[in-house]
Amino acid sequence: KWKGEGTTQNLENIVIGRCYDYIRIVNPAVGEKNCSQIWEAFKNAFTNKDPCSILPGDYELFINLSLHTIPPNKSLFWENNQLLVNSFADRGRRYMSVGDTLFGFLGDFLNWCGQADSPGLDYESCPTTVECENNAVESFWRMASITYAQHSSGVIHVLLNGSAEGGAYPQPGFFADYEIPNFQKDKISQIVIWVVDDIEGPDIDSCGIHSVNTLETRLKTLGYDVTCTDNIK
């Protein structure tokens, strides 16, 4: 079978439960959502299909059902530091990273895939991105990233890991490949980059050098007002 771990046990209960948790407790401002319908759209995106032939667009109905406004100046993009981002964003109270949107919240830290000729989920194994890029989870996060970038506005924040091997701004990467190209330039006033090293970690990358400089140059060339700060406290 596949090399990746199988679908998270009790996936349906988790996704529907997270949906209610989000609209009732985490962010009631999004209003009513049909959590059962959202689950069905999510599941139908990848079941009964070759698990290596799932495309971002397959999640379109799911995204449409779970979409909500992302408040201006609250977007927080990141690479290589998910746990820091989660604590920093404070579950949407301070910033709203992709994992703090309803659609991102539903998939965070879960795994899933289906099978070509079966409506069921594969709990034994799922393809890794090395085995095939167009797998259910990878395509989900591509679609989530594209949608999140398209709906971000005002001051955009980017939190990068200055201790990451291979650089703070990875290419290829979700931010480089799916988020920056989907920014709506007329809705964005400024892009603020923060480069934070791991505690006691190496200082590999900083503003103005290496991959961060590549990112700054790319954004400025696209016409954005860019600032960069190292190791904010």
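When reading the values below, keep in mind they use all heavy atoms of this one structure, side chains included, and skip hydrogens, waters and symmetry mates. FYI, the numbering just counts along the sequence from 1.
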Aromatic ring proximity, centroids under 6.0 angstrom, Trp194 and Phe77 = no
Is the closest side-chain donor-acceptor distance between Thr147 and Gln150 under 3.5 Å?
-> no
Using modelled atom types only, decide if a donor and an acceptor are shared between the side chain of Thr101 and the backbone of Val98 within a distance under 3.5 Å.
-> yes
With a 6.0 Å cut-off on ring centres, are His157 and Tyr95 close enough?
-> yes
Within a radius of less than 6.0 Å around CD of Glu5, do more than 12 heavy atoms belonging to other residues, nucleotides or ligands occur?
-> no
Could you label the plane-to-plane angle of the Phe46 and Phe42 rings as parallel, tilted or perpendicular, counting under 30° as parallel and over 60° as perpendicular?
-> perpendicular
Any donor-acceptor pair under 3.5 Å linking the side chain of Asp58 with the backbone of Ile54?
-> no
Give a yes-or-no answer on whether the side chains of Asp90 and Ser87 include a donor-acceptor pair shorter than 3.5 Å.
-> no
Any salt bridge between Arg24 and Glu32, counting N to O under 4.0 Å?
-> yes
Of all the heavy-atom pairs spanning Lys74 and Gly92, show the shortest one and how long it is.
-> NZ-O, 3.5 Å
Side chain proximity check, His151 to Leu67, heavy atoms < 4.5 angstrom | yes
Measuring from Tyr20:OH to Cys35:SG, what's the distance to the nearest 0.5 Å?
-> 4.5 Å
Under 3.5 Å side-chain donor-acceptor pair for Asp177 and Gln171 = no
Same hydrophobic cluster for Leu215 and Ile209, using side-chain heavy-atom links shorter than 4.5 Å among ILVMFWY?
-> no
So, Asp122 and Lys1, do they make that salt bridge, N to O below 4.0 Å?
-> yes
Contact check, side chains of Asp186 and Gln184, non-hydrogen atoms, under 4.5 Å | yes
Going by atom types alone, do Ser211 and Asp205 pair a side-chain donor with an acceptor below 3.5 Å?
-> yes
Could you check whether the rings of Phe62 and Tyr59 sit parallel, tilted or perpendicular, using 30° and 60° as the cut-offs?
-> perpendicular
Between Asn48 and Asp117, a side-chain donor and acceptor under 3.5 Å = no
What about Phe140 and Phe103, are their ring centers closer than 6.0 Å?
-> no
Working to the nearest 0.5 Å, report the span between CD of Gln82 and CG of Asn161.
-> 12.5 Å
Are Trp78 and Phe175 close enough that their ring centres sit under 6.0 Å apart?
-> no
Other residues, nucleotides, ligands: >12 heavy atoms within 6.0 Å of Glu124 CD = no
Between Glu216 and Gly208, is there a donor-acceptor pair closer than 3.5 Å when you use the side chain of the first and the backbone of the second?
-> yes
Looking only at atom types and distance, does a side-chain atom of Arg18 sit under 3.5 Å from a main-chain N or O of Leu102, one as donor and one as acceptor?
-> no
Rounded to the nearest 0.5 angstrom, the OG-CD distance for Ser139 and Glu133 is 9.0 Å
